[in-house]
Amino acid sequence: MNRVLILNGPNLNLLGTRQPEVYGATTLAMIEDACRAHGETIGLNVTCLQSNHEGVMIDAIHAAKGTQDGLIINAGAYTHTSIALMDAVSSVAIPTIEVHLSNIHAREEFRHRSYLARVALGQICGFGAVGYHLALDALKAHLEPT
Ligand code: DQA
């Protein structure tokens, strides 16, 4: 069974109470539970990790080499700033999908740039928590084409 790590970055631990008008009322624990369940349904083994620290996220990406078959990353604000995270993803060469709850292209200009987008298979944004499910489906199709 293919293994997928869902990595969430800074401030996403506050989902549910953080600007619910932008990010929704669903907590990260609810999203992670639903992703594990969806993974089981479609035949992916899902592991979830959240960190507010760039270095911890980079270590998790490095550790994914040889232990995970795909990555789903919502890097929060590091999306827009972190060349180091982009380099980590390209260094491990694991198929990666970038997710954002909000439509970053419809928001402030500083959110329009994503360094991760340069190294991701694709980006899913604007669909709230459903975006993680869409990313799991997309990874499944990529890893196990029918
Ligand atoms: C976010 C969008 C980012 O711009 C923001 O900094 C976040 C959350 C999203 O999921 O919509 O922390 O990644």
Side-chain angles (χ1 to χ4, degrees), residues 2-42 44-65 67-143:
N2 278 309
R3 302 151 298 177
V4 175
L5 173 67
I6 300 182
L7 181 58
N8 279 289
N11 302 308
L12 293 165
N13 54 314
L14 300 180
L15 286 178
T17 55
R18 172 193 184 199
Q19 293 178 273
E21 69 286 2
V22 177
Y23 298 115
T26 312
T27 65
L28 184 60
M30 288 159 74
I31 289 174
E32 290 179 341
D33 282 348
C35 284
R36 278 186 286 262
H38 188 59
E40 256 174 54
T41 306
I42 63 173
L44 291 175
N45 187 321
V46 174
T47 303
C48 301
L49 181 72
Q50 187 275 332
S51 176
N52 293 318
H53 305 278
E54 190 176 16
V56 173
M57 293 180 71
I58 291 168
D59 287 343
I61 293 167
H62 291 177
K65 195 170 175 62
T67 62
Q68 301 291 340
D69 304 296
L71 298 173
I72 293 171
I73 303 181
N74 182 349
Y78 288 143
T79 306
H80 318 300
T81 61
S82 180
I83 295 169
L85 272 177
M86 174 187 76
D87 283 350
V89 170
S90 50
S91 302
V92 297
I94 299 170
T96 298
I97 297 182
E98 175 185 356
V99 168
H100 300 283
L101 295 142
S102 63
N103 179 356
I104 56 174
H105 303 288
R107 299 181 64 196
E108 303 94 326
E109 205 165 326
F110 61 81
R111 296 187 203 274
H112 297 180
R113 167 194 277 179
S114 165
Y115 284 106
L116 274 182
R118 298 181 66 98
V119 293
L121 287 176
Q123 183 190 71
I124 296 169
C125 70
F127 297 102
V130 172
Y132 292 91
H133 288 228
L134 299 175
L136 282 168
D137 290 341
L139 260 186
K140 174 78 178 175
H142 177 81
L143 294 170

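Both ligands and their constituent atoms are indexed starting at 1 by order of listing.
Applying the side chain to side chain donor-acceptor pair (under 3.5 Å) rule to D137 yields the partners H38; only residues at least two apart in sequence or on another chain are considered. Legend: residues meeting side-chain contact (heavy atoms from CB on, under 4.5 Å) with L28, ordered by chain and number and at least two apart, are N8, L15, E32, Q50.
Environment of CD in Q19: crowded, with over 12 heavy atoms of neighbouring residues, nucleotides or ligands closer than 6.0 Å.
For residues 109-118, every residue pair satisfying the side chain to side chain donor-acceptor pair (under 3.5 Å) rule, not counting sequence neighbours, is listed here: E98-S114, E108-R111, R113-Y115.
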Which pairs of nitrogen or oxygen atoms, taken one from ligand 1 and one from the protein, are under 3.5 angstrom apart?
| residue | atom | partner | partner atom | Å |
| --- | --- | --- | --- | --- |
| ligand 1 | 4 (O) | H80 | NE2 | 2.7 |
| ligand 1 | 4 (O) | R111 | NH1 | 2.9 |
| ligand 1 | 6 (O) | A77 | N | 3.2 |
| ligand 1 | 6 (O) | R111 | NH1 | 3.1 |
| ligand 1 | 10 (O) | N74 | ND2 | 2.8 |
| ligand 1 | 10 (O) | L101 | N | 2.8 |
| ligand 1 | 11 (O) | L101 | N | 3.3 |
| ligand 1 | 11 (O) | S102 | N | 2.9 |
| ligand 1 | 11 (O) | S102 | OG | 2.6 |
| ligand 1 | 12 (O) | R18 | NH1 | 3.1 |
| ligand 1 | 12 (O) | R18 | NH2 | 3.0 |
| ligand 1 | 13 (O) | N74 | OD1 | 2.8 |
| ligand 1 | 13 (O) | H100 | ND1 | 2.8 |

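Remark: Q123 CD to I73 CD1 distance equals 12.5 Å, nearest 0.5 Å. With values rounded to the nearest 0.5 angstrom, L139 atom CG is found 9.5 Å from D69 atom CG.
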